[in-house]
K.L.:
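Pasting a structure here, questions to come.
FYI, side chains are in, hydrogens and waters are out, and symmetry mates aren't considered; it's all heavy atoms of this structure.
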Amino acid sequence: MSDEYSIRSKKLRDLVEAGSDPYKNFYTPNTNAKEVKDKYQKIQVGEHIDTSIKVSGRLITIRDFGGSVFFHIQDHTEKIQCFLEKKQNPELLEFFKKYVDSGDIVGVEGSIFRTKKGEITIYVRSLKILAKCLHPLPEKWHGLRDVETRYRYRYLDLIMNPEVKDIFTRRSKIINFIRNFLSERGFVEVETPYLQPVPSGALAKPFKTYHNELEMNLFLRIAPELYLKRLIVGGFDRVFEIGKNFRNEGITSYHNPEFTMLELYQSYANYEDLMKLTEELLYNLCKTINGEPILKLGEKVVNFSLPLKRISIPEKVAESLGISKEELKDLKLLKEKIKGKMETDSEDWGEIVLEYFEEKIADSLDEPTFVVDFPVSTSPLAKRKSDDQDYTERFELYIFGMEVANGFSELNDPIDQRKRFEEQMKVRKTRELLEDMDWDFVKALEYGMPPTAGEGIGIDRLIMTLTGASSIKEVILFPAMKPD
RNA sequence: GGGUCAGUAGCUCAGUUGGCAGAGCGGUGGACUCUUAAUCCACAGGUCGCGGGUUCAACUCCCGCCUGACCUACCA
């Protein structure tokens, strides 16, 4: 009976015996910590406002002086100090010392004054325990730092580290903004299957599951792409979906097995239109959450001022290799030039160019930058550029060296699409990914899909860049973890 | 997948050459009516990540495993 859990449990039993319910059904505060502080900001030291405010929240720190007690409670807005003295209510002070611990959810009622040290404080007249906390909170000064504990017990993380709550509040605002932004521009938000008979729209290892009644294998989707394009075929002009994708692959500081993706499709638009849409979205998003388009994150600065920087893969690669864009197209010369700078086992011209770009140039793209002119062989679902058949109408957006968005003018030729699926089947067989392709999607294209541009934006990664998080786990409430 | 580092009280962390397991916060008891890391006195609190091994003796050295972080590799 010496550990804290037992001690607190005993207090709980004693409370019940004393006829007090330690888990109240309800309590209605009439304001919150922030509102109180704002409203009474002007009162002077020593001044006492005779009002009756009720706030509730978690009691986080206690300073006991015998005849009086200071404590802070933290609600969903912030924390506020409370003061309870013997003179006012001796029974209540006794109750507090006997039953109340840091961590408890309490409701307090009282008036307002400013202490000698200048803090706006609730002069407590009554206090109720609304929910007893049976565990001690982590240390008040250092808080909860251990990342493993923070992720496994996110509720503790949120209690102890207000900046964590800020990140997820900001995440919510960002997603809301995106929804509104797209809705205002005529995009219809839709939902497409998470359970798919054929995992499609990307090349990634899927999670497999099984439907008992249908007696069939199903896969958690790796992308919603083909379903969204079916909707374009069906006559939706502009659609988007914000949802989870699931990829059965490695976990890194910017990969989580389930992650949130925005995909949007706009018919009668091309990749240029989507770049404009994207930079407008980011510019306004940053201005809305930050007040200005330049975001300062410690030493890092992200500048979303229009227009965003744009660089061409062949230009940068040719420049880096000291050859012309025309010479770059010579596979033999290219392989000779990269010798000693980069190892590759690829024989494909486009793959080598892109590999070189990603390895030597992309990582250093800190400022938001559109990368354009992807080689055809590396972009199987994108249309070729009309003025250069070796490259496609595709872009990726990089921020802090991280790929945040990927968009292109969509292939809508069903014959070409069928051919590409057949080629993918061969590749999958050699990689022992024996799933079938989504042939019905080809059929949909055979009915005619208008010229369309589509884009995917990795929401988690976008939020990382907008909050300065260095790990994707910091922007996902419950990131994937092995059992402890 | 490969490499590096870490895991000790509820939390944050020390722990020397292999020689009794430590501190602060938190807790309990006591003093204290304007503190905010309150202060002061006393006390309690340990599966040293898990399992083997070496040794008179292991938190410490060796082997294996678990969990995490970082780097690297893979990655529409």
K.L.:
What is the base-pairing partner of B:C48, counting Watson-Crick and G-U wobble geometry with both distances under 3.5 Å?
P.N.:
none

K.L.:
Strictly by salt bridge (charged side-chain N to carboxylate O under 4.0 Å, His left out), give each pair with a member in residues 399-411 of chain A just once, sequence neighbours left out.
P.N.:
A:Lys229-A:Glu410

K.L.:
Taking the side chain as every heavy atom from C-beta outward, state whether A:Pro224 and A:Tyr194 have any atom pair closer than 4.5 Å.
P.N.:
no

K.L.:
So that I can tick it off, tell me whether A:Asp438 and A:Arg230 are bridged by a salt bridge, with the cut-off set at under 4.0 angstrom between side-chain N and carboxylate O.
P.N.:
yes

K.L.:
Please list all pairs meeting salt bridge (charged side-chain N to carboxylate O under 4.0 Å, His left out) that have one or both residues in residues 68-86 of chain A, counting only residues at least two apart or in different chains.
P.N.:
A:Lys37-A:Glu78, A:Glu85-A:Lys87

K.L.:
Should B:C56 form a Watson-Crick or G-U wobble pair with both distances under 3.5 Å, which nucleotide is its partner?
P.N.:
B:G19

K.L.:
Hey, is A:Arg394 close enough to A:Glu396 for a salt bridge, meaning N to O under 4.0 Å?
P.N.:
yes

K.L.:
For B:G46 and B:C32, measure between their P atoms and round to the nearest Å.
P.N.:
32 Å

K.L.:
What string of B, S and - do you get for nucleotides 8-13 of chain B, 5' to 3', when a contact is any protein heavy atom under 4.0 Å?
P.N.:
--SBS-

K.L.:
For A:Trp141 and A:Arg8, find the nucleotide of RNA chain B closest to each by heavy atoms; which residue's nucleotide sits nearer the 5' end?
P.N.:
A:Arg8

K.L.:
Please measure how far the P atom in B:A76 lies from the corresponding atom in B:A69, and state the result in whole Å.
P.N.:
24 Å

K.L.:
Taking OH from A:Tyr5 and P from B:G26, how many angstroms apart are they, rounded to a whole number?
P.N.:
23 Å

K.L.:
Using purine N1 to pyrimidine N3 plus N6-O4 or O6-N4 for Watson-Crick, or N1-O2 and O6-N3 for G-U wobble, both under 3.5 Å, which nucleotide pairs with B:C5?
P.N.:
B:G68

K.L.:
Given the P atoms of B:C70 and B:C65, what is the spacing between them in whole Å?
P.N.:
22 Å

K.L.:
Side chain of A:Lys97 only, please: which of B:C75, B:C32, B:U33 is the nearest?
P.N.:
B:C32

K.L.:
State whether the side chain of A:Arg8 and the backbone N or O of A:Cys133 hold a donor-acceptor pair below 3.5 Å, judged by distance alone.
P.N.:
yes

K.L.:
Using atom P in both nucleotides, what's the gap between B:A9 and B:C5 to the nearest angstrom?
P.N.:
22 Å

K.L.:
Restricting to pairs with a member in residues 84-104 of chain A, which pass ring-ring contact (aromatic ring centres under 6.0 Å, His included), not counting sequence neighbours?
P.N.:
A:Phe71-A:Phe96, A:Phe95-A:Tyr99

K.L.:
Say we look at B:G7 and B:G30: how far apart would their P atoms be, to the nearest angstrom?
P.N.:
38 Å

K.L.:
Looking at A:Asp390 and A:Lys329, does any basic side-chain N land under 4.0 Å from a carboxylate oxygen?
P.N.:
yes

K.L.:
If I take atom OH in residue A:Tyr254 and atom C1' in nucleotide B:C71, what distance separates them, rounded to the nearest angstrom?
P.N.:
11 Å

K.L.:
Which nucleotide, if any, forms a Watson-Crick or G-U wobble pair with B:U28, using both distances under 3.5 Å?
P.N.:
B:A42

K.L.:
Generate the contact string for nucleotides 64-69 of chain B. Rules: B means base contact, S means sugar-phosphate contact only, - means no protein heavy atom under 4.0 Å.
P.N.:
---SSS

K.L.:
In plain terms, say whether A:Lys309 and A:Glu279 are close enough for a salt bridge, that is, a side-chain N and a carboxylate O under 4.0 Å apart.
P.N.:
no

K.L.:
Using only atom types and a distance under 3.5 Å, with no angle test, would you say the side chain of A:Asp348 pairs donor to acceptor with the backbone of A:Glu351?
P.N.:
yes

K.L.:
Atom CG of A:Asn248 to atom P of B:G1: distance rounded to whole Å?
P.N.:
13 Å

K.L.:
Kindly state whether the pair A:Phe65 / B:U33 counts as stacked, where counting means centroids closer than 5.5 Å and planes tilted less than 30° apart.
P.N.:
no

K.L.:
With sequence neighbours left out, what residues match A:Trp439 under ring pair (Phe, Tyr, Trp, His ring centres under 6.0 Å)?
P.N.:
A:Phe421

K.L.:
Looking at RNA chain B, which of residues 114-121 of chain A put a heavy atom within less than 4.0 Å of it?
P.N.:
A:Thr115, A:Lys116, A:Lys117, A:Glu119

K.L.:
Please report the C-alpha distance between A:Arg384 and A:Val376 in whole Å, then the side-chain angles of each, then the deciding distance to 0.1 Å, and finally whether the side chain to side chain contact (heavy atoms under 4.5 Å, CB included) criterion is met.
P.N.:
CA-CA 7 Å; A:Arg384 292 171 198 266; A:Val376 164; 3.6 Å; yes

K.L.:
Are A:Ser9 and A:Arg13 close enough that some pair of their side-chain heavy atoms sits under 4.5 Å apart?
P.N.:
yes

K.L.:
What distance, rounded to whole Å, do you find between the two P atoms, one in B:U39 and one in B:G2?
P.N.:
50 Å

K.L.:
What parts of residues 154-161 of chain A reach RNA chain B, counting only heavy atoms under 4.0 Å away?
P.N.:
none

K.L.:
From CD1 of A:Ile62 over to C1' of B:G26, roughly how many Å is that when rounded to an integer?
P.N.:
11 Å

K.L.:
May I ask you to decide if A:Ala480's main-chain N or O and A:Asn256's side chain share a donor-acceptor pair within less than 3.5 Å?
P.N.:
yes

K.L.:
Of the candidate nucleotides B:C75, B:U28, B:U33, which contains the atom at the shortest distance from the side chain of A:Lys87?
P.N.:
B:U33

K.L.:
Using whole Å, report how far CD1 of A:Ile80 lies from P of B:U35.
P.N.:
18 Å

K.L.:
Between A:Ser52 and A:Glu109, do the side chains contain an N or O donor and an N or O acceptor separated by less than 3.5 Å?
P.N.:
yes

K.L.:
Does A:Lys132 make a cation-pi contact with A:Tyr23 (under 6.0 Å, within 45 degrees of the axis)?
P.N.:
no

K.L.:
Mind checking the P distance from B:G53 to B:U60? Whole angstroms is fine.
P.N.:
14 Å

K.L.:
Within residues 35-50 of chain A, find the residues that approach RNA chain B with a heavy atom at under 4.0 Å, and present them sorted by residue number.
P.N.:
none

K.L.:
Return the nucleotide paired to B:U35: Watson-Crick means purine N1 to pyrimidine N3 with N6-O4 or O6-N4, wobble means G-U with N1-O2 and O6-N3, both under 3.5 Å.
P.N.:
none

K.L.:
If you assign A:Leu381 and A:Lys11 each to the RNA chain B nucleotide with the nearest heavy atom, which residue ends up on the more 5' nucleotide?
P.N.:
A:Lys11

K.L.:
How would you label the contact of A:Phe374 with the nucleic acid (heavy atoms, under 4.0 Å): base, sugar-phosphate, or nothing?
P.N.:
nothing

K.L.:
Report the nucleotide, chosen from B:U33, B:G27, B:U36, that has the shortest atom-to-atom distance to any side-chain atom of A:Arg63.
P.N.:
B:U36

K.L.:
Can A:Lys443 and A:Asp440 be counted as an ion pair, charged N to O under 4.0 angstrom?
P.N.:
no

K.L.:
Using whole Å, what does the distance between atom P of nucleotide B:U28 and atom NZ of A:Lys98 come to?
P.N.:
14 Å

K.L.:
Please identify which of these residues, A:Arg171, A:Lys473, A:Lys244, meets the salt bridge (charged side-chain N to carboxylate O under 4.0 Å, His left out) condition with A:Asp460.
P.N.:
A:Arg171

K.L.:
In whole Å, what is the span from the CD atom of A:Glu351 to the C1' atom of B:C75?
P.N.:
13 Å

K.L.:
Could you check whether A:Thr252 gets within reach of a base, just the sugar-phosphate, or nothing at all, counting any heavy atom under 4.0 Å?
P.N.:
base

K.L.:
Does anything in residues 397-416 of chain A come within less than 4.0 Å of RNA chain B? Heavy atoms only, and list the residues if so.
P.N.:
none

K.L.:
Can you list everything that forms a side chain to side chain contact (heavy atoms under 4.5 Å, CB included) with A:Asp146? Sequence neighbours excluded, please.
P.N.:
A:Glu148, A:Thr149

K.L.:
Now, which nucleotide makes the Watson-Crick or G-U wobble pair with B:A73, with each of the two distances under 3.5 Å?
P.N.:
none

K.L.:
Provide, to the nearest angstrom, the distance between the CG atom belonging to A:Asp64 and the C1' atom belonging to B:G30.
P.N.:
12 Å

K.L.:
Could you list the residues that satisfy ring pair (Phe, Tyr, Trp, His ring centres under 6.0 Å) with A:Tyr5, not counting sequence neighbours?
P.N.:
A:His135

K.L.:
Can A:Ser320 and A:Tyr356 be counted as having a side-chain donor-acceptor contact under 3.5 angstrom?
P.N.:
yes

